[in-house]
Every structure is written in C-alpha cells, then in structure tokens.
Amino acid sequence: QVQLVESGGGLVLPGGSLRLSCAVSGRTLRTSTIGWFRQRPGKEREFVSYINRAGGAADYADSLKDRFAITKDMAQNTVYLDMNRLQPEDTAVYYCAFTNRLCAGSECFGATVYTDWGQGTQVTVSP
C-alpha cells in the first residue's frame, strides 16, 4: 500500500555534500515515522536518522548528528536527508523506511520497527 522511492545518490568528493530524497506515496507523513538507514559494504544495515509525524521528533545516530540533517516537504510528501562533510566511510546504499508505529527516541533506531522499505540509492564518497 505504501511506496517509498529514494533518489539523489551518486558520486561525491570527500568533504562534499549530497541531498537524498524519499518520496512517500500511499500514506501521509502526518501519520508516519520515516527512517533513513544505510548499508556499507560487508556491514549490517545501520540506523542513520528518523523523523516522526512530519516533524514531531527527529534524531540521528550519534556519529552523524553533526553532519546530517533530516527535513520534510509536506506538499510533496517527501523526506530529505542532507549529508555534509562526507567521508569515504559514508559510502553505502541508503534506504528510507516507513512505519505507522508511534515510536520516539531510541525505539525508532531499530530496523525491525519499520514495515516498508525503498529500493535504496547508492552513495559513493571517493576522490
């Protein structure tokens, strides 16, 4: 019923910035929690950020909160992830995910909370 489509990935130089988009259809952001996750080569999928109820709450992985920012556009039903001062270790497939569960704080960090996932978008940080 809900569909999520990521876009905006690509190749970026170290120190550069990139904006990822997650277009959500079938459900409104007003009743959704949207998470961003990433999967680095050979690693488990890990939490990046979430936004709850289109701005009710938001948070980030501790190692990323000074460089990443999550925002939304209600008119476009889209959530964005702004990534700054990118490093080679940020290279990963980035996924957005949906849940209508009323989670907040660290409960939203777990991938098992989310019921629907996008296909992912590749981000490569390299000189």
Side-chain angles (χ1 to χ4, degrees):
Q1 187 174 359
V2 61
Q3 296 184 52
L4 305 98
V5 179
E6 303 96 334
S7 61
L11 178 64
V12 62
L13 294 170
S17 299
L18 208 59
R19 166 171 274 196
L20 305 183
S21 300
C22 175
V24 180
S25 61
R27 304 291 289 270
T28 175
L29 295 179
R30 293 186 181 274
T31 58
S32 302
T33 299
I34 303 297
W36 283 100
F37 292 78
R38 69 184 184 184
Q39 190 161 17
R40 294 179 287 171
K43 305 292 186 180
E44 297 283 331
R45 193 169 297 186
E46 64 181 314
F47 170 75
V48 172
S49 181
Y50 81 88
I51 186 164
N52 180 273
R53 302 281 172 152
D59 210 347
Y60 309 85
D62 284 344
S63 62
L64 302 176
K65 61 179 56 179
D66 292 333
R67 298 191 294 116
F68 289 14
I70 190 167
T71 59
K72 87 287 184 179
D73 184 329
M74 295 299 296
Q76 297 295 320
N77 221 47
T78 298
V79 174
Y80 303 97
L81 183 70
D82 292 308
M83 309 162 64
N84 303 299
R85 302 192 304 279
L86 286 162
Q87 305 296 318
E89 55 265 35
D90 296 316
T91 295
V93 178
Y94 284 73
Y95 299 88
C96 65
F98 163 90
T99 183
N100 62 4
R101 182 174 175 178
L102 280 174
C103 68
S106 61
E107 186 183 11
C108 305
F109 294 6
T112 57
V113 171
Y114 299 87
T115 57
D116 298 271
W117 294 78
Q119 83 290 341
T121 185
Q122 176 72 46
V123 173
T124 301
V125 185
S126 175

(Q) Taking atom CD as the centre, does Q122 end up with more than 12 heavy-atom neighbours from other residues, nucleotides or ligands that are less than 6.0 angstrom away? (A) yes
Q.
Hydrophobic clustering (ILVMFWY, side-chain heavy atoms < 4.5 Å, transitive) - are V79 and V5 grouped together?
A. no
Q: Following the transitive rule for hydrophobic clusters with a side-chain heavy-atom cut-off under 4.5 Å over Ile, Leu, Val, Met, Phe, Trp and Tyr, establish whether Y94 and I70 coincide in one cluster.
A: yes
Q) Is the closest side-chain heavy-atom distance between D59 and C108 below 4.5 Å? A) no
Result block: side-chain N/O donor-acceptor pairs under 3.5 angstrom for residues 9-27, not counting sequence neighbours:
from: S17; atom 1: OG; to: N84; atom 2: OD1; distance (Å): 3.1
from: R19; atom 1: NE; to: D82; atom 2: OD1; distance (Å): 2.7
from: R19; atom 1: NH2; to: D82; atom 2: OD2; distance (Å): 3.1

(Q) Tell me every residue that passes side-chain hydrogen bond (donor to acceptor under 3.5 Å, both in side chains) with D73, counting only those two or more places apart in sequence or in another chain. (A) none
Q. Under the side-chain hydrogen bond (donor to acceptor under 3.5 Å, both in side chains) test, which residues partner N77, sequence neighbours left out?
A. none
(Q) For the CG atom of L29 and the OG1 atom of T78, what is their distance to the nearest 0.5 Å? (A) 7.5 Å
Q | Side chain proximity check, I51 to I34, heavy atoms < 4.5 angstrom | A | yes
Q) Which residue pairs pass the salt bridge (charged side-chain N to carboxylate O under 4.0 Å, His left out) test with at least one member in residues 87-101, sequence neighbours excluded? A) R38-D90, R67-D90, R101-E107
**Q.** Partner set under side-chain hydrogen bond (donor to acceptor under 3.5 Å, both in side chains) for R40, not counting sequence neighbours
**A.** E46
Q | Hydrophobic cluster membership, Y80 vs W36, 4.5 Å side-chain cutoff | A | no
Q.
Quick test of your reading: applying salt bridge (charged side-chain N to carboxylate O under 4.0 Å, His left out), list the pairs with at least one residue in residues 108-124, sequence neighbours left out, ordered by first then second residue.
A. none
Q: Taking side-chain hydrogen bond (donor to acceptor under 3.5 Å, both in side chains) as the test, write out the residues that go with T33, two or more places apart.
A: N52
Q: May I ask you to list the residues sharing a hydrophobic cluster with V113, side-chain cutoff 4.5 Å, ordered by chain and number?
A: F37, F47, Y50, V93, Y95, F109, Y114, W117
Q) Does S7 offer a backbone N or O that forms a donor-acceptor pair with the side chain of T121 under 3.5 Å? A) no
**Q.** Polar side-chain atom of E6 near backbone of C96 as donor-acceptor pair, under 3.5 Å
**A.** yes
Q. Of the non-hydrogen atoms in R85 and Q87, which two are nearest, and what is the gap between them?
A. O-NE2, 3.1 Å
Q | For D66, salt bridge (Lys or Arg N to Asp or Glu O under 4.0 Å) partners two or more places apart | A | none
